[in-house]
**Student:** 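Quick one: this structure, given as structure tokens, is what I'll be asking you about.
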Amino acid sequence: MMPGLNGIELIRAIRELPQIAKIPIIVLTAFSEGFREQALAAGAAVVLEKPDGTLGLADEVRRVLGN
């Protein structure tokens, strides 16, 4: 629901910028059907679905950052 581009396009744009391309991307989304696969293929590290995914967000951030 972002103006201008969607989440998949944003992930792809980030992955094209060498200075930030390796930063892990955690997606929290209301979309479910097919979105997870698209986001992961575009370069997301984790895709969580609202509202249940918010419960595990802190754990996923720690895992992705290796803490």
Side-chain angles (χ1 to χ4, degrees):
M1 317 290 195
M2 298 184 312
L5 71 161
N6 65 39
I8 302 299
E9 293 166 337
L10 178 60
I11 295 167
R12 289 181 183 144
I14 290 170
R15 292 295 175 239
E16 290 178 7
L17 298 171
Q19 62 272 35
I20 61 172
K22 293 185 180 183
I23 294 173
I25 298 171
I26 297 175
V27 176
L28 185 59
T29 183
F31 299 115
S32 59
E33 201 165 320
F35 184 83
R36 174 186 297 278
E37 293 77 18
Q38 291 177 28
L40 293 171
V46 177
V47 179
L48 302 172
E49 293 180 26
K50 294 177 189 177
D52 298 333
T54 58
L55 299 174
L57 182 58
D59 291 335
E60 290 297 338
V61 170
R62 283 190 210 90
R63 186 184 67 77
V64 168
L65 295 177
N67 295 327

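Note that the structure is predicted; figures quoted are calculated from it, not measured.
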**Student:** Enumerate the residue pairs fulfilling ring pair (Phe, Tyr, Trp, His ring centres under 6.0 Å) with a member in residues 10-29, sequence neighbours excluded, ordered by first and then second residue.
**Tutor:** none

**Student:** State which residues pass side chain to side chain donor-acceptor pair (under 3.5 Å) with R63; sequence neighbours excluded, sorted by chain then number.
**Tutor:**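 So R63 forms a side chain to side chain donor-acceptor pair (under 3.5 Å) with E60.
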
**Student:** Looking at CZ of R15 and CD1 of I25, how far apart are the two atoms once the value is rounded to the nearest 0.5 Å?
**Tutor:**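 The CD1 atom of I25 is 3.5 Å from CZ of R15, to the nearest 0.5 Å.
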
**Student:** After noting the C-alpha distance and the side-chain angles of K50 and L28, does the key distance pass the side-chain contact (heavy atoms from CB on, under 4.5 Å) rule?
**Tutor:** CA-CA 6 Å; K50 294 177 189 177; L28 185 59; 3.9 Å; yes

**Student:** Are the side chains of I14 and I23 in contact, using a 4.5 Å heavy-atom criterion?
**Tutor:**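 No, side chains not in contact.
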
**Student:** Compile the donor-acceptor pairs under 3.5 Å between side chains in residues 35-48 and protein atoms, sequence neighbours left out, one pair per line.
**Tutor:**
{"residue": "R36", "atom": "NH1", "partner": "V47", "partner atom": "O", "Å": "2.8"}
{"residue": "R36", "atom": "NH2", "partner": "V47", "partner atom": "O", "Å": "3.3"}

**Student:** Rounded to the nearest 0.5 Å, how far does CD1 of I8 lie from OG1 of T29?
**Tutor:**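 Interatomic distance, T29 OG1 to I8 CD1, rounded to 0.5 Å: 8.5 Å.
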
